Amino acid sequence: MSSYFSDLAQQYIDGEWRPGTGSWDVIDFDPYNDEKLASITVATVEEVDLAYRAAARAQKEWAETNPYARRAVFERALRLVEDREQEIADLIIAELGGTRVKAAFELHLAKEFLRESVHLALRPEGKILPSPVDGKENRVYRVPVGVVGVISPFNFPFLLSLKSVAPALALGNGVVLKPHQNTPIAGGTLIAKIFEDAGLPGGLLNVLVTDIAEIGDAFLEHPVPKVISFTGSDKVGRHVATVCAKHFKRSVLELGGNSALVVLDDADIDYAVDAAVFSRFVHQGQVCMAANRVLVDRSVHEEFTEKFVAKVKSLKVGDPRDPQTVIGPVINSAQAAAISGTVEQALAEGATALVRGGTTDNLVEPSVLTGVPAESPLLQQEVFGPVVFLIPFDGEEDAVRIVNGSPYGLSGAVHTGDIERGVAFAKRIDTGMFHVNDGTVHDEPIVPFGGEKHSGVGRLNGETTLEAFTTVKWISIQHGRSGFPF
């Protein structure tokens, strides 16, 4: 694993590994023990240009390559991930503090998305459409957009980079990837290495480790990319969307959430507890789909709360390398401080801590809070850490009102003994995704993934990925002669 950090601590531009030419370095730390993993000199605006120009140049030939030949690259990439699975898992644990369970979860999904990319290469279909003009043939071609810029987050960096990079490449595009500076290897250069070893032609995929402090909006404003795929906070997503619109680019935005898991009066309480604990505390709560809010019908609130609190108290906090650990470190000290501040603010507003977790360095223990005032801004925002708000409600109408009272609309879940009651409830919630009798954290390669309201614009996965990274072109043929009015 250590060789990954030393070998991949570079930029990957036009098929070559090279140091950045910026004046400062991104330092890659293990968030659990603060060990320095790598130092990478940042890429500059000039290197952004080199990367995009390389992708545009290589994409022309790639788009003309037989899709069956393109497909073979992704088959090899999948085998490489399978062969190196333990090394990649160790890297995820070290670079982002993921537990072993989390690393396995991320790798499982990453492999599923690579499998889907194998098939996606053959998916684009054209059409011949009728015309009201005699002798005219209308052909509609589905073609690659050209070059896609991808900006990925720190929480599931390997998966969420691959989720845009692999489909975009499979569909005949070039790609420039900018991983989060906290996860430059797992979210960036590791992916470049896998595709390089899988035989992807040089120049098609470029990885830039850099920061807005160095390049400003150059990654977004560059004239080459036609689509920017961004996963991250709604605050940054708003800026990405604004810049893209100004430059007539398409943006695909997978943003934050404030998801609710709802327990109705006829739910299986023990099962709902298990689902709620996983939905809030997987990867320390650093998941856009995590259940920030757990809503429980007042008739079962006491039973649920007692069992939920007991389970949360049993979660082991500590070294992510320990297979028994459920809660590892959050990504950095700023994040740890922000989470602690959220708990302090809630208590100052009159909330009660049923579980009050402490903070040691980047290890943040779980907190369970109840009695947060309904008007508190905390209930309106995403909390990216192991803090959960328990909220009682009185009947379904009250629950729907509370859930929809958030500016976000990404995921959610409802637990009930009546499946169709759950489906009817789900239909009333303003989200892109909602789950009946399950957790809130799900992703599958052929099911549309995305949010409403502040949780994003557009969808990924399956057919929606096809829409995201291709465009349509109308070519008409006049087999006879057209008549013109002059």
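Numbering of residues begins at 1 and proceeds along the displayed sequence. Only a predicted model underlies this, so the values are computations on that prediction, with no experimental measurement involved.
Leu78 places a side-chain heavy atom less than 4.5 Å from the side chain of Arg115. Taking 4.5 Å as the limit, some side-chain heavy atom of His454 sits within range of a side-chain heavy atom of Arg238. At least one side-chain heavy atom of Leu390 sits under 4.5 Å from a side-chain heavy atom of Leu354. Counting heavy atoms from C-beta outward, Val383 and Leu378 have side chains that stay 4.5 Å or more apart. At least one side-chain heavy atom of Glu382 sits under 4.5 Å from a side-chain heavy atom of Asn292. Annotation: side chain of Phe230 is not in contact with side chain of Cys244 (no heavy-atom distance under 4.5 Å). Looking at heavy atoms from C-beta onward, Ile93 lies in side-chain contact with Arg100 at the 4.5 angstrom threshold. A 4.5 Å side-chain heavy-atom check between Val176 and Val150 finds every atom pair outside the cut-off.
When every heavy atom of Lys453 is checked against every heavy atom of Asp430, the shortest pair comes out as CE-O, 3.7 Å. Leu295 approaches Ala399 most closely through the heavy-atom pair CD2-O, 3.9 Å. Smallest separation of non-hydrogen atoms from Gly462 and Leu120: O-CD1, 4.2 Å. The two residues Ser251 and Ala241 come nearest to each other via the heavy atoms OG-CA, 4.1 Å. The two residues Val207 and Ala192 come nearest to each other via the heavy atoms CG2-CB, 3.7 Å. Annotation for Gly149 and Tyr52: closest pair CA-OH, 3.7 Å, computed over non-hydrogen atoms.
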task = Let me see the working for Ser161 and Ser152 under side-chain hydrogen bond (donor to acceptor under 3.5 Å, both in side chains), right down to the final yes or no.
result = CA-CA 5 Å; Ser161 293; Ser152 64; 2.8 Å; yes
request  = Under the side chain to side chain contact (heavy atoms under 4.5 Å, CB included) rule, what do Ile185 and Asp28 come out as? Steps first, then yes or no, please.
outcome  = CA-CA 9 Å; Ile185 310 294; Asp28 193 10; 3.6 Å; yes
request  = Decide yes or no on side chain to side chain contact (heavy atoms under 4.5 Å, CB included) for Lys102 and Leu96, but give the supporting numbers first.
outcome  = CA-CA 11 Å; Lys102 189 269 184 188; Leu96 55 139; 3.2 Å; yes
query = Could you go step by step and tell me if Asp418 and Thr416 meet the side-chain hydrogen bond (donor to acceptor under 3.5 Å, both in side chains) rule?
reply = CA-CA 5 Å; Asp418 181 341; Thr416 172; 5.8 Å; no
ask   = Leu169 and Asn173: side chain to side chain contact (heavy atoms under 4.5 Å, CB included), yes or no, with the steps?
value = CA-CA 5 Å; Leu169 290 170; Asn173 299 289; 5.9 Å; no
message = Set out, in order, the CA-CA distance, both residues' side-chain angles and the distance that settles side chain to side chain contact (heavy atoms under 4.5 Å, CB included) for Leu91 and Glu87, then state yes or no.
response = CA-CA 6 Å; Leu91 188 152; Glu87 289 175 287; over 6 Å; no
message = Using side-chain hydrogen bond (donor to acceptor under 3.5 Å, both in side chains), reason through Ser376 and Glu349 one step at a time and then give a plain yes or no.
response = CA-CA 8 Å; Ser376 172; Glu349 290 178 359; 2.5 Å; yes
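A salt bridge links Glu344 with Arg356; the closest basic N to acidic carboxylate O contact falls under 4.0 Å. Checked for salt-bridge contact, Arg401 and Glu397 miss the test: no charged N lies under 4.0 Å from a carboxylate O. Between Glu452 and Arg459, at least one side-chain nitrogen of the basic residue sits less than 4.0 Å from a carboxylate oxygen of the acidic one, meeting the salt-bridge criterion. For the pair Glu254 and Lys163, the salt-bridge criterion is not met [side-chain N within less than 4.0 Å of a carboxylate O]. At a threshold of 4.0 Å, the pair Asp266-Arg421 counts as salt-bridged, since one of the basic side-chain nitrogens sits closer than that to a carboxylate oxygen.
For Gln345, the CD atom is densely surrounded, since the number of other residues' heavy atoms within 6.0 Å is greater than 12. Under a cut-off of 6.0 angstrom, the local environment of CD in Gln380 is crowded, with over 12 non-hydrogen atoms contributed by other residues, nucleotides or ligands. Within a 6.0 Å radius of CD1 in Ile269, other residues, nucleotides and ligands contribute more than 12 heavy atoms. The neighbour count for Asp361 CG, taken as heavy atoms of other residues, nucleotides or ligands under 6.0 Å away, does not exceed 12.
Between His415 atom NE2 and Asn437 atom CG the span is 6.0 Å, to the nearest 0.5 Å. Put simply, CG on Leu190 and CD on Glu95 are 9.0 Å apart, with the number rounded to the nearest 0.5 Å. Taking CG of Asp34 as the reference point, atom CG of Asp30 lies at 8.0 Å (rounded to 0.5 Å). To the nearest 0.5 Å, atom CG of residue Leu109 and atom CD of residue Glu112 are 7.5 Å apart. Annotation: the span from Asp217 atom CG to Glu221 atom CD amounts to 5.0 Å, rounded to 0.5 Å. Atoms CD and CG, from Glu106 and Leu162 in turn, are 9.0 Å apart once rounded to the nearest 0.5 Å.
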Tell me which donor-acceptor pairs under 3.5 Å the side chains of residues 312-319 have, and how far apart each pair is, sequence neighbours excluded?
{"from": "Ser314", "atom 1": "OG", "to": "Lys311", "atom 2": "O", "distance (Å)": "2.6"}
{"from": "Asp319", "atom 1": "OD1", "to": "Arg321", "atom 2": "N", "distance (Å)": "2.9"}

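No hydrogens or angles considered: a donor-acceptor pair under 3.5 Å links the side chains of Arg142 and Thr470. In this model, a donor atom of one side chain and an acceptor atom of the other lie less than 3.5 Å apart for Tyr408 and Asp234.
Looking at Asn332, its side chain does come within 3.5 Å of a backbone N or O of Ala334 through a donor-acceptor pair. A donor-acceptor pair under 3.5 Å is formed between the side chain of Thr464 and the backbone N or O of Asn461. With Arg293 contributing its side chain and Ile391 its backbone, the two residues share no donor-acceptor pair below 3.5 Å. Without hydrogens or angle criteria, Gln284 side chain to Pro329 main chain gives a donor-acceptor distance under 3.5 Å. Of the possible polar contacts, one joining the Arg250 side chain to the Ala468 backbone as a donor-acceptor pair under 3.5 Å is found. At distances below 3.5 Å, at least one donor-acceptor pair connects side-chain atoms of Lys226 with backbone N or O atoms of Val224. Glu214 contributes no side-chain N or O that, together with a main-chain N or O of Val42, makes up a donor-acceptor pair within less than 3.5 Å. Without hydrogens or angle criteria, Ser233 side chain to Val236 main chain gives a donor-acceptor distance under 3.5 Å. Formation of a donor-acceptor pair under 3.5 Å by the Asp438 side chain with backbone atoms of Ala275 is not found in this model. Distance alone, capped at 3.5 Å, places no donor-acceptor pair between the Thr440 side chain and the Leu261 backbone.
The side chain to side chain donor-acceptor pair (under 3.5 Å) test with Lys111 is passed by exactly one of Glu82, Glu116, Glu85: Glu85.
Ring to ring, Phe449 and His442 are not that close: their centroids are 6.0 angstrom or more apart.
Relative orientation of the Phe156 and Phe105 rings is perpendicular, given thresholds of 30° and 60° on the angle between their planes.
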